[in-house]
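First the structure, in the form of structure tokens, and then the observations on it.
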Amino acid sequence: MMELIIDLPVYAPVLKKLQALDGITVRVLAEPADNARERPVSEIENGALLLCTIPPVNHTAMKKLELVQIASAGYTQLIGQGFAERNVRCCNALGVFDVPIAEWNIAMMINLARDFRGMLHNQQQKIWDRSARFQDEIRGRVVGIWGYGGIGRETARLAKTLGMTVHVLSRSGVKPRKSAYCVPGTGDPEGLLPDRVFGMHEKEAFLRSADFLIMAIPQTGATVGIVGEEELRSLKPTAFLLNPARGPLVKEAALIRALKEHWFAGAALDTHYHYPMPPEHPLWEMENVILTPHISGSSASPYFLERVWDIFFENVQRFRDRQPLLNELSAAALTGS
């Protein structure tokens with residue numbers, strides 16, 4: 001029998017499916033936590049597969065451990081923990097936020113195009129204004145997606161449905177994506193939706209083509225500040241920037257100056273440079289900015305737990321059947337190299 005250790009809030013429908021699998025026993029730990037802590041050895045020592053937010057600090061006591069599934073896309077809690085050296089396979093929860101963040105992208109494009117912030121101001125001031133700027137459309141516009149992971153692919157699918165043209169900037173091109181979690185019926189698993197794919201040597205042409213630039217790449221040492229003055233000046237004066245990825249991808253001082261001086265039309269920002277954003281920060285009061293408090297996708301999403309458990313259920317079956325796992329992290333990723 002293979003024992004599964006669950007250190008996460010329970011999603012009952014999937015728990016029942018796990019308990020019904022042949023050759024599987026399930027142990028649900030009491031009081032799951034999202035911080036590092038020690039667990040009694042007697043609770044965890046026989047676990048072969050672990051579902052958690054952060055592994056217990058005494059995970060080396062799990063001598064039978066073969067697979068760790070975490071409930072976040074970020075995996076810093078796994079780096080340097082010796083899992084690769086122990087031949088313990090690890091998977092993250094990439095893909096659980098693709099749908100809500102892509103929907104935020106669509107909502108923000110429409111809100112920016114129609115100056116919804118201006119309409120709300122008029123409502124508060126009891127101003128009846130039916131100007132053309134409140135009646136624009138995004139159909140026919142070009143959405144430029146920088147990066148083409150799960151969020152970029154679901155954004156592309158929705159944008160194409162709305163009649164938009166999709167341009168993608170990618171270091172490695174666009175290929176089929178078979179081993180990453182995707183909510184059924186969403187995304188672009190085959191990589192067929194973009195109307196044009198730009199390489200990094202075509203970055204300027206990509207930026208100049210976009211009516212909306214959406215950041216959809218992870219933050220790494222190589223991507224911090226990847227958008228600076230040069231990139232922001234390459235945008236059309238009528239273009240908008242959306243950043244649901246990570247604030248520091250865009251240089252803060254350059255962004256503030258660009259928005260103040262109207263190098264481009266405006267921005268929707270869900271990820272930031274400070275948490276929380278201090279009340280004196282200039283982005284709060286800019287009329288050409290929609291600022292949201294990192295809520296485009298988070299663990300508070302009503303479908304977060306269901307999707308994390310779906311990934312785990314799929315990976316339990318794949319592990320048992322010796323099939324490729326979803327969202328598996330490389331040994332290099334686990335060692336931070």
Side-chain angles (χ1 to χ4, degrees), residues 72-74 93-120 136-139 141-169 180-183 185-188 193-194 210-219 223 227 235 239-250 255 259 264-277 283-284 286-308:
S72 61
L94 194 70
V96 297
F97 300 130
D98 292 354
V99 170
I101 295 178
E103 290 184 2
W104 182 91
N105 287 336
I106 298 298
M108 291 303 110
M109 285 194 286
I110 293 171
N111 285 337
L112 289 166
R114 289 189 169 232
D115 189 13
F116 194 69
R117 179 165 179 171
M119 283 192 277
L120 286 178
D136 210 343
E137 300 178 3
I138 65 170
R139 185 175 185 83
R141 302 283 190 93
V142 174
V143 54
I145 305 172
W146 191 328
Y148 206 57
I151 292 167
R153 290 173 188 241
E154 176 61 2
T155 299
R157 187 185 71 84
L158 296 176
K160 294 286 283 188
T161 301
L162 291 169
M164 301 185 77
T165 297
V166 174
H167 288 177
V168 170
L169 179 66
Y181 174 73
C182 181
V183 175
T186 72
D188 180 18
L193 290 179
D211 295 303
F212 299 92
L213 170 62
I214 298 179
M215 300 306 298
I217 57 175
Q219 180 180 321
T223 61
V227 175
L235 294 174
F240 295 96
L241 167 68
L242 286 76
N243 190 1
R246 286 293 182 267
L249 297 174
V250 184
L255 177 62
L259 290 166
F264 53 93
L269 308 171
D270 187 56
T271 53
H272 307 289
Y273 307 96
H274 315 278
Y275 283 81
M277 284 283 277
L283 287 173
W284 280 111
M286 290 186 180
E287 293 183 357
N288 55 347
V289 172
I290 299 174
L291 190 151
T292 59
H294 206 158
I295 46 73
S296 59
S298 79
S299 58
S301 164
Y303 302 104
F304 165 74
L305 200 60
E306 175 184 348
R307 288 170 183 160
V308 169

(Q) Determine whether L291 and H272 satisfy the following criterion, side-chain contact (heavy atoms from CB on, under 4.5 Å), listing intermediate values before the conclusion. (A) CA-CA 9 Å; L291 190 151; H272 307 289; 3.6 Å; yes
Is a side-chain donor or acceptor of [X] paired with a backbone partner of [Y] at a separation under 3.5 angstrom?
| X | Y | result |
| --- | --- | --- |
| R117 | V289 | yes |
| D211 | V142 | yes |
| R153 | G187 | no |

(Q) Taking ring-ring contact (aromatic ring centres under 6.0 Å, His included) as the criterion, tell me which of F304, Y181, Y303 meets it with F97. (A)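 Running ring-ring contact (aromatic ring centres under 6.0 Å, His included) over F304, Y181, Y303 with F97 returns exactly one hit, F304.
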Considering all heavy atoms, the nearest [X]-[Y] contact:
| X | Y | result |
| --- | --- | --- |
| R114 | D136 | NE-O, 3.0 Å |
| G247 | T271 | N-OG1, 3.1 Å |
| E154 | T186 | OE1-CB, 3.1 Å |
| S296 | P244 | OG-CB, 4.0 Å |
| I214 | T155 | CD1-CG2, 3.8 Å |

Would you mind reporting whether [Y] and [X] have side-chain heavy atoms less than 4.5 Å apart?
| X | Y | result |
| --- | --- | --- |
| I145 | P194 | no |
| R141 | M109 | no |
| W104 | I151 | no |
| R307 | V99 | yes |
| L242 | L112 | yes |

Would you compute the distance between atom [atom1] of [X] and atom [atom2] of [Y] and round it to the nearest 0.5 angstrom?
| X | Y | atom1 | atom2 | answer |
| --- | --- | --- | --- | --- |
| D98 | R157 | CG | CZ | 11.0 Å |
| M215 | L169 | CE | CG | 8.5 Å |
| L283 | N288 | CG | CG | 9.5 Å |
| L259 | L241 | CG | CG | 7.5 Å |
| I217 | L249 | CD1 | CG | 5.0 Å |
| L213 | W146 | CG | CH2 | 7.0 Å |

Q. Could you go step by step and tell me if L193 and Y148 meet the side-chain contact (heavy atoms from CB on, under 4.5 Å) rule?
A. CA-CA 11 Å; L193 290 179; Y148 206 57; 3.8 Å; yes
Q: Show your working on side-chain contact (heavy atoms from CB on, under 4.5 Å) between F212 and N105 and close with a plain yes or no.
A: CA-CA 10 Å; F212 299 92; N105 287 336; over 6 Å; no
Q: Output, in order, the C-alpha distance, side-chain angles, deciding distance and verdict of side-chain contact (heavy atoms from CB on, under 4.5 Å) for I138 and I110.
A: CA-CA 6 Å; I138 65 170; I110 293 171; 3.7 Å; yes
Q. Which one of V308, L305, V183 satisfies the side-chain contact (heavy atoms from CB on, under 4.5 Å) criterion with V96?
A.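 Testing each of V308, L305, V183 against V96, the sole residue satisfying side-chain contact (heavy atoms from CB on, under 4.5 Å) is V308.
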Q.
Can you classify the ring geometry of H294 versus Y275 as parallel (below 30°), tilted (30 to 60°) or perpendicular (above 60°)?
A.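 Rings of H294 and Y275: tilted, 30 to 60°.
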